[in-house]
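Heavy atoms only: backbone and side chains are in, while hydrogens, waters and symmetry mates are out. All chains are named by letter (A, B, ...) in the order of the sequence lines, taking the proteins before the strands, and each is independently numbered beginning at 1.
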Protein chains: 2
Amino acid sequence: MRPKNLEKEEAIRTIALQIISDEGLENLSMQKLAKAANVSPRTIYIKYESKEDFLIKLFIDEVLGSYEKGVLENFDENMDFSEGVKKIWMNTFRYLIHNRHSFALLQYGKSSPLLNKAFQKANIKQGQFFAPIHKFLKMHVATGSIRDFPSDVHRALLFSPLLDLVNEYFDYLERPEQIITEKMISECCETVIKGILKD
Amino acid sequence: MRPKNLEKEEAIRTIALQIISDEGLENLSMQKLAKAANVSPRTIYIKYESKEDFLIKLFIDEVLGSYEKGVLENFDENMDFSEGVKKIWMNTFRYLIHNRHSFALLQYGKSSPLLNKAFQKANIKQGQFFAPIHKFLKMHVATGSIRDFPSDVHRALLFSPLLDLVNEYFDYLERPEQIITEKMISECCETVIKGILKD
DNA sequence: AAAGTAAGTAAATGTTTATTTACTTACTTT
DNA sequence: AAAGTAAGTAAATAAACATTTACTTACTTT
């Protein structure tokens with residue numbers, strides 16, 4: 001049997017993220033993707049059943065998977081609250097500014113019904129994404145250092161400003177002044193922590 | 001001259017938002033839209049130059065415009081900081097849960113390059129969106145009640161958790177337990193304010 | 001080294017796409 | 001009430017779409 005050419009699979013994924021990031025999910029077509037990846041359309045259908053199947057697997061298995069890894073690097077669910085949150089913030093910031101094309105697809109996860117439903121399903125089926133963060137939050141609720149909000153609410157309060165700041169980082173990249181720096185991210189993280197910590 | 005049928009224009013916009021919300025921006029086609037709005041495709045092109053022109057005008061002029069109005073209702077830029085932020089939070093929450101289809105397109109504004117660029121352009125050209133909020137923040141930086149962050153950073157810290165919570169409100173709508181209530185929103189708002197206020 | 005096989009290609013499939021053409025309708029102006 | 005006109009329609013256009021067909025390639029197994 002002729003063996004798979006893994007470089008081609010990789011190219012398909014990489015180029016797809018590039019097109020989504022530059023032109024938008026709504027402008028990604030299988031033929032455009034095949035041409036740009038220097039591959040026959042048929043080659044994409046060896047691994048993926050359909051366009052939807054491809055997008056879901058790209059999102060869940062590839063992008064979300066390695067995003068999670070980047071976010072949780074050197075994070076331990078038994079960390080001190082401020083230390084743990086800061087670790088996640090800096091990990092996330094560094095990962096995303098070096099993976100702009102992945103970030104673009106992650107953002108579509110909030111708007112596209114296809115990707116959004118796929119995420120919910122995967123979250124139930126294969127165990128929660130970012131499970132260590134959930135355990136970490138539960139532990140700190142139990143010890144009384146933070147208020148007892150549902151964990152989705154904690155996630156919104158603690159991490160959604162960060163994703164907005166990453167967006168702004170990319171917006172500012174095309175302008176002379178640079179505003180969103182690691183230092184700014186760190187200060188914002190402290191601001192968020194201050195709001196959530198019990199006195 | 002035969003006069004325009006304003007109900008048809010309205011139907012086109014309403015149905016477009018519905019399709020985007022239910023099936024995604026990537027599944028909105030002009031023919032599908034025309035059929036669903038009970039209109040000839042040509043009718044859409046009387047008012048709009050192209051599909052892109054339609055989407056941009058729907059996003060900027062219709063959706064963002066009335067969203068801004070909803071958010072700023074009874075808001076005054078000279079309000080006390082906590083009072084002003086809370087007014088905006090509750091206005092936003094109430095507006096968005098009653099305008100789910102608009103919320104869907106607003107979310108695409110963060111992911112779709114077409115809409116994102118249109119927003120940046122409009123923000124420069126026709127004066128900043130949410131200008132009263134910017135003035136409000138500037139004033140409270142000047143009086144020393146909050147730290148001197150750039151206003152985009154303040155926006156991220158103060159309001160992005162709220163949009164995530166609205167998303168969760170819709171997710172939980174399809175489940176038995178209701179978690180995101182006005183009371184929860186109000187408590188989250190206080191948490192965010194606590195982090196940002198100087199001691 | 002020949003046979004077997006999945007990977008891979010190029011070209012074709014039928015459908016859907018955005019947009020236009022050719023025409024009709026319904027109202028305003030005279 | 002007749003003429004003029006933009007709004008509106010239904011059907012057509014050419015391009016692009018997702019996916020498949022028919023075929024070739026390159027490797028493994030024997």
Side-chain angles (χ1 to χ4, degrees), chain A residues 1-62 105 108 112-115 117-118, chain B residues 1-62 105 108 112-115 117-118:
Chain A
M1 197 218 328
R2 181 175 176 179
K4 274 193 193 181
N5 185 340
L6 294 176
E7 278 169 37
K8 284 190 178 176
E9 290 192 358
E10 180 65 22
I12 290 166
R13 288 191 294 262
T14 308
I15 304 275
L17 291 178
Q18 217 168 97
I19 294 174
I20 291 166
S21 180
D22 295 344
E23 305 176 40
L25 184 58
E26 60 276 27
N27 291 308
L28 176 75
S29 86
M30 297 305 262
Q31 292 189 142
K32 192 193 271 183
L33 170 58
K35 195 168 230 175
N38 244 305
V39 134
S40 160
R42 187 71 184 79
T43 304
I44 306 174
Y45 288 92
I46 292 171
K47 187 154 190 210
Y48 306 101
E49 262 189 6
S50 64
K51 187 184 183 182
E52 294 206 343
D53 181 51
F54 169 63
L55 288 174
I56 289 172
K57 283 183 176 145
L58 182 67
F59 178 54
I60 301 287
D61 300 338
E62 300 296 325
L105 184 57
Y108 270 105
S112 156
L114 176 76
L115 300 181
K117 277 170 204 156
Chain B
M1 199 223 321
R2 181 176 175 178
K4 274 193 192 179
N5 185 340
L6 294 175
E7 278 170 38
K8 283 190 179 178
E9 291 193 358
E10 180 65 22
I12 290 167
R13 289 191 295 263
T14 307
I15 304 276
L17 291 177
Q18 217 168 98
I19 294 174
I20 291 166
S21 180
D22 294 343
E23 305 176 39
L25 184 58
E26 61 276 27
N27 291 308
L28 175 74
S29 85
M30 297 304 262
Q31 294 189 143
K32 191 193 272 183
L33 170 57
K35 194 168 231 177
N38 243 304
V39 134
S40 162
R42 186 74 185 75
T43 305
I44 306 174
Y45 288 92
I46 292 171
K47 186 155 191 210
Y48 307 101
E49 263 189 5
S50 64
K51 188 185 182 182
E52 294 206 343
D53 182 50
F54 168 63
L55 288 174
I56 289 172
K57 283 182 176 146
L58 183 67
F59 178 54
I60 301 287
D61 300 339
E62 300 297 326
L105 184 56
Y108 270 106
S112 156
L114 176 76
L115 300 181
K117 278 171 203 155

*asked:* Distance check needed: D:dA18 C1' versus A:Lys32 NZ, whole Å only.
replied: 14 Å
*Go through D:dT9, C:dA18, C:dA10 for me and flag the one nearest to the A:Arg42 side chain.*
C:dA10
*Can you tell me how far P of D:dA6 sits from CD of B:Glu9, to the nearest Å?*
16 Å
*Is B:Ile15 close to B:Val39 at the side-chain level, that is, under 4.5 Å between some pair of heavy atoms?*
no
*asked:* Ignoring hydrogens and geometry beyond distance, is the side chain of B:Arg2 in donor-acceptor contact with the base of D:dT5 at under 3.5 Å?
replied: no
*asked:* Does D:dT28 have OP1 or OP2 under 4.0 Å away from a side-chain N or O of A:Lys4?
replied: no
*Given Watson-Crick or G-U pairs with both distances under 3.5 Å, what dot-bracket string fits DNA chain C, with | for other-strand pairs and [ ] for crossing?*
||||||||||||||||||||||||||||||
*Indicate yes or no for a side-chain donor-acceptor contact from B:Tyr108 to the backbone of B:Leu115 under 3.5 Å, with no hydrogens or angles considered.*
no
*Spatial distance of atom CE (A:Met30) from atom CG (A:Leu55) [nearest 0.5 Å]*: 7.5 Å
*Report the C-alpha distance between B:Lys57 and B:Lys47 in whole Å, list the side-chain angles of each, state the deciding distance to 0.1 Å, and finish with yes or no for side chain to side chain contact (heavy atoms under 4.5 Å, CB included).*
CA-CA 10 Å; B:Lys57 283 182 176 146; B:Lys47 186 155 191 210; over 6 Å; no
*Audit row: A:Lys32, A:Lys35, side chain to side chain contact (heavy atoms under 4.5 Å, CB included) steps and yes/no*: CA-CA 5 Å; A:Lys32 192 193 271 183; A:Lys35 195 168 230 175; 6.0 Å; no
*Roughly, in whole Å, what's the span from CD in A:Glu26 to P in D:dA18?*
13 Å
_Between A:Ser21 (side chain only) and A:Leu17 (backbone N and O only), is there a donor and an acceptor less than 3.5 Å apart?_
no
*C:dT16 P sits how many Å from B:Lys51 NZ, rounded?*
15 Å
*Using the side chain to side chain contact (heavy atoms under 4.5 Å, CB included) rule, take B:Asn27 and B:Ile19 through it: C-alpha gap first, then chi angles, then the decisive distance, then the call.*
CA-CA 8 Å; B:Asn27 291 308; B:Ile19 294 174; 5.6 Å; no
*Side-chain donor or acceptor of A:Ser29 under 3.5 Å from a matching atom on the base of D:dA16?*
no
*Hey, does the side chain of B:Thr43 come within less than 4.0 Å of D:dT9's phosphate (OP1/OP2), counting only N and O?*
yes
*Verify the distance criterion only: is there a donor paired with an acceptor across the side chains of A:Tyr48 and A:Glu9 at less than 3.5 Å?*
no
*Out of C:dA18, D:dT9, D:dA7, which nucleotide sits closest to the side chain of B:Met30?*
C:dA18
_Does B:Leu28 reach a base, just sugar-phosphate, or nothing at all? Heavy atoms under 4.0 Å._
sugar-phosphate
*Among D:dT9, C:dT20, C:dA10, which is the nearest nucleotide to the side chain of B:Tyr45?*
C:dT20
*Let me know the distance between CD1 of B:Ile46 and C1' of D:dT5, rounded to the nearest Å.*
13 Å
*Over how many whole Å does the gap from A:Phe54 atom CZ to D:dT19 atom C1' extend?*
15 Å
*Start at the 5' end of DNA chain C and walk down; is the nucleotide closest to B:Pro41 or to B:Pro3 reached first?*
B:Pro41
_Rounding to an integer number of Å, can you tell me how far B:Asn27 CG sits from D:dC17 P?_
14 Å
_A:Glu7 CD - C:dA7 P separation (whole Å)_ = 17 Å
_D:dT9 OP1/OP2 closer than 4.0 Å to side-chain N/O of B:Lys35_ = no
